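These notes concern the structure reproduced below.
Please read all numbers here as calculations on a predicted model, not as lab measurements. Whatever order the structure lists ligands and atoms in, that order sets their numbers, starting from 1. Just so you know, residue 1 is the first one in the sequence shown, and it goes up from there.
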Amino acid sequence: MVIVFIGPPGAGKGTQCRRLAAHLGVPHLSTGELLRDTRDDSDLGRLVAGYIDAGRLAPDDVVLPILTKRLSNEDCANGCLLDGFPRNVNQAEMLDQYLADRGQRLDLVLHLDVGRQELIKRLLRRAKTEQRVDDTEDVIAKRLDVFHRQTAPVLDYYRDQDHFVVINGMQSPDEVFSEILSHLGGSETS
Ligand code: ADP
């Protein structure tokens, strides 16, 4: 079972993915985390850090190999939750191709929908407890802008498919999780 979470920064993708991963017993793959793990003194590490710190998307030809290497890990054999991927239409097409080559397909695409003011409030609150370099007011604005320009078209890419669901992300984490579970239906046993 492969489930994609799409939502702007601060929508709660990480929180919900962690809960759902534990519930389903499949790994939670966050491309943000995978990319943050590459931050080091290497050329690649510095390149990736430059994009993250500016709130811009890392290039597809950098993200793709990192993600597919992780996807080919044995623990993804029964599926996984994708958090932060795909983030543009090209990535969505590449994901479809990657799965089709393996006789797989997406089971569910969940759009976590949250209003802009609430997102900014949550991210600034998170900035006080976590030390993420990209949780400053300027970079948050940039990331929201990138979401609207590059990731929102991915929603249109999936919208007409029957496994696309919009989740009201303005509710409490427990309520959001229940709403997600209510859409699992057959996916949970496939
Ligand atoms: P958030 O959803 O709060 O922005 P993430 O941890 O998902 O946080 O992403 C942090 C940063 O990592 C992004 O701003 C971007 O620079 C990079 N990133 C994550 N996923 C991708 C992706 N699929 N393609 C390109 N860059 C990505």
Donor-acceptor side-chain pairing of D107 and H163 below 3.5 angstrom: no
Qualifying residue, where the test is side chain to side chain contact (heavy atoms under 4.5 Å, CB included) with V165 and the options are I180, L110, L184: L110
Check: D113/N168 side-chain N/O donor and acceptor closer than 3.5 Å: no
Atom 26 (N) of ligand 1: nearest protein contact (heavy atom, Å): A58 N, 3.0 Å
Check: D138/T136 side-chain N/O donor and acceptor closer than 3.5 Å: no
Short N or O distance, R56 and ligand 1, threshold 3.5 Å exclusive: yes
Cation-pi check, R102 onto Y98 ring (under 6.0 Å, within 45° of axis): yes
Per atom 7 (O) of ligand 1, closest listed option by heavy atom (R132, K13, Q91, R87): R87
Any side-chain donor near an acceptor of the partner, Y157 and D96, under 3.5 Å: yes
Those atoms of ligand 1 less than 4.0 Å from some heavy atom in R36: 6 (O), 10 (C)
From the candidates P8, G14, G32, G12, the one that places a heavy atom nearest atom 5 (P) of ligand 1: G32
Heavy-atom nearest neighbour of atom 12 (O) of ligand 1 within options L34, V62, I52: I52
CD (E137) with more than 12 external heavy atoms under 6.0 Å: no
Nearest neighbour in protein (non-hydrogen) for atom 3 (O) of ligand 1: R143 NH2, 2.8 Å
Where ligand 1 meets R126 - atom numbers and elements under 4.0 angstrom, heavy-atom basis: 3 (O)
Contact (N/O only, under 3.5 Å) between V63 and ligand 1: no
Top protein contact for atom 18 (N) of ligand 1, by heavy-atom distance: L35 CD1, 3.4 Å
Joint cluster assignment, L82 & L35, ILVMFWY side-chain distance < 4.5 Å: yes
Atoms of ligand 1 close to F85 [distance to a heavy atom under 4.0 angstrom, numbered from 1]: 23 (N)
Part of K142 within contact of ligand 1 (heavy atoms, under 4.0 Å): neither
Side-chain donor-acceptor pair present, S172, E175, cut-off under 3.5 Å: yes
For atom 20 (N) of ligand 1, closest protein heavy-atom neighbour: T31 OG1, 2.8 Å
